[in-house]
Amino acid sequence: MHDASLTPVALAATLGRRVVGQSRGVEEMAIALAKKLVGLPTGNVLLIGSSGTGKTTLMRAVEEYLAARSDLAHRSTQIRVHANVLAEEAESGRPGEAVVRRLLERARDQLGSDAPLERVVERARDGIVFVDEIDKIRSLIGGEPHLAGIRAQEALLTLMENAAVPVTLPAWAGGGTLNFDAAQLWFVAAGAFEGLYDSVRDRVTLGRDRGALQPTTVVSDGTVRQETRFQLGDWLCNEDLFDYGMSPQFLSRFDSTVLLRDLSVDDLVHIFLESPESGYRQSLAYFAHHGVNLAVSPAAVRRIAEEAAARPRVGARALKEVFRRIVRGYELDPVAAGQDGAILLDLPEVEAALGSPAG
Ligand SMILES: Nc1ncnc2c1ncn2[C@@H]1O[C@H](COP(=O)(O)OP(=O)(O)OP(=O)(O)O)[C@@H](O)[C@H]1O
Ligand SMILES: [Mg+2]
């Protein structure tokens, strides 16, 4: 049956309310999810983006959506694991077993503890597996083999290769072993791949593809300049990920690789004002609790976003840190800090706080 709420467009709109400025990533996720939720085969997705650009937020947005749709429970048995936990678990036990056991637990939570084992297994087979911090299981670190990473990639590969995976059943399922058919599982992996940006840029400017990146002519304010603009998405190829330490067999199991872009000042303004996790929203609640109305002027918000955008490699996380420096001085005694129950943070207050030494 056709359900209008399960079209990629509708799903993208829902996910886009939580994830700012990443329309490519949101759309790709929405398309794959739409297929999964109607029971069609869907390709595994690899998300790559700098720290603090919204990878985990996008995964969480999908989780929140699924949690709110109990009518989709039969297609939404979902778990999120950290890749480095997989590495630890791969040391003991059988490859892939830890993931399957979690899926079984999750399916049992959904179905109730008296559901027959066959139903639990059937539902787990249709599961969704999010693997966060996938870049932590590289097979090479500094040119040296990284055993835990190699094992964890192998463990995931076992599951992604659709082979029947032997699993020792937990006590509640009566123990024993089961051959788990992993062919229907859907995988979404995400990682920041720190250092990848520099290594790809080096490849096309100084390294084996030197000269590939050509300066372009830019005209601005009536002057003509030569500028070299590097975008990871224009140059990233599979070999770069192999060199990073992701094995070709493993990577070939992902049908699409999506790059999340670095967030702009406008995106950061939006996240600062709207995100439920924003330090600003938390501060509003804190001051309101003390009967003080906190207001931040639009110019001050913009200045905070600019300051955050200038911090390298932390993305939207910088907003919290920058904003803390500004409100810190008002938090000890909010009532005394306010005038007639109000605090207005405008540009001078922000400049003063940012100009003072950090700490
Ligand atoms: N695109 C975005 N839209 C909305 N909020 C975002 C976005 N990017 C980051 N944030 C906010 O910044 C914080 C960090 O984001 P998130 O955890 O998604 O980063 P990440 O890409 O997973 O980074 P890491 O690689 O370090 O794990 C979150 O609190 C989130 O609210
Ligand atoms: Mg993350």
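In each ligand, atom 1 is the first atom listed, and ligand 1 is the first ligand listed. Nothing fancy with the numbering, it's 1 onward along the sequence.
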shortest atom 29 (O) of ligand 1-to-protein heavy-atom contact is with Glu277 OE1, 2.8 Å
Derivation and outcome, side-chain hydrogen bond (donor to acceptor under 3.5 Å, both in side chains), residues Arg69 and Tyr65 | CA-CA 7 Å; Arg69 291 283 309 252; Tyr65 174 75; 3.0 Å; yes
Do the side-chain N and O atoms of Thr216 and Glu227 include a donor-acceptor pair separated by under 3.5 angstrom?
-> no
4.5 Å side-chain heavy-atom contact, Leu251 and Phe242 | yes
Using a strict cut-off of 4.0 Å, indicate which atoms of ligand 1 neighbour a heavy atom of Ser51.
-> 23 (O), 24 (P), 25 (O), 26 (O)
Who's closest to atom 8 (N) of ligand 1 heavy-atom-wise, of Thr53, Asp135, Thr57?
-> Thr53
For Leu332, does the CG atom have more than 12 heavy-atom neighbours from other residues, nucleotides or ligands under 6.0 Å away?
-> no
Check if Gly49 has a non-hydrogen atom at a distance under 4.0 Å from any atom of ligand 1.
-> no
Among protein heavy atoms, which lies nearest atom 22 (O) of ligand 1, and at what distance?
-> Thr56 OG1, 2.8 Å
Angle class for the Tyr197/Phe230 ring planes (parallel below 30°, perpendicular above 60°, tilted otherwise)?
-> perpendicular
Under 3.5 Å: donor-acceptor pair, side chain of Lys55, backbone of Ser50 | yes
Give the atoms of ligand 1, by number and element, whose distance to some non-hydrogen atom of Ser275 is under 4.0 Å.
-> 31 (O)
Counting from 1, what ligand 1 atoms have a heavy atom of Ile271 closer than 4.0 Å?
-> 2 (C), 3 (N), 4 (C), 5 (N), 6 (C), 7 (C)
Glu133: numbered ligand 1 atoms lying under 4.0 Å from its heavy atoms | 27 (O)
Min N/O separation Arg317 to ligand 1 under 3.5 Å | yes
Within-cut-off N or O pair, Ala316 and ligand 1, under 3.5 Å | no
Output, in order, the C-alpha distance, side-chain angles, deciding distance and verdict of side-chain hydrogen bond (donor to acceptor under 3.5 Å, both in side chains) for Ser199 and Asp202.
-> CA-CA 5 Å; Ser199 64; Asp202 286 355; over 6 Å; no
Run the numbers for me: atoms of ligand 1, each under 4.0 Å from some heavy atom of Val19, listed by number.
-> 1 (N), 3 (N)
Hey, is Lys55 touching ligand 1 through its side chain, its backbone, both or neither, going by heavy atoms under 4.0 Å?
-> both
Distance from atom 3 (N) of ligand 1 to nearest protein heavy atom, with residue and atom | Val20 N, 2.8 Å
Looking only at atom types and distance, does a side-chain atom of Ser113 sit under 3.5 Å from a main-chain N or O of Asp109, one as donor and one as acceptor?
-> no
Taking the side chain as every heavy atom from C-beta outward, state whether Leu236 and Leu196 have any pair of such atoms under 4.5 Å apart.
-> yes
Considering the heavy atoms of Leu263, write down every atom of ligand 1 situated less than 4.0 Å from one of them.
-> 1 (N), 8 (N)
Short side-chain donor-acceptor distance under 3.5 Å, Gln226 and Thr217 | yes
Would you check if Phe193 and Leu241 make a side-chain contact, meaning some heavy-atom pair closer than 4.5 Å?
-> yes
Output the distance between atom CG (Asp71) and atom CG (Leu37), rounded to the nearest 0.5 Å.
-> 9.5 Å
Enumerated ligand 1 atoms positioned under 4.0 Å from heavy atoms of Ala192 | 25 (O)
Quick one: does Arg18 get within less than 4.0 Å of ligand 1, heavy atoms only?
-> yes
Identify the protein heavy atom lying closest to atom 9 (C) of ligand 1, giving its residue, its atom name and the separation to 0.1 Å.
-> Gly52 O, 3.3 Å
Measure from the Mg ion (ligand 2) to each N, O or S atom of Thr56 and report whether any distance is below 2.8 Å.
-> yes
Is Gln22 in polar range of ligand 1, meaning some N or O pair under 3.5 Å apart?
-> no
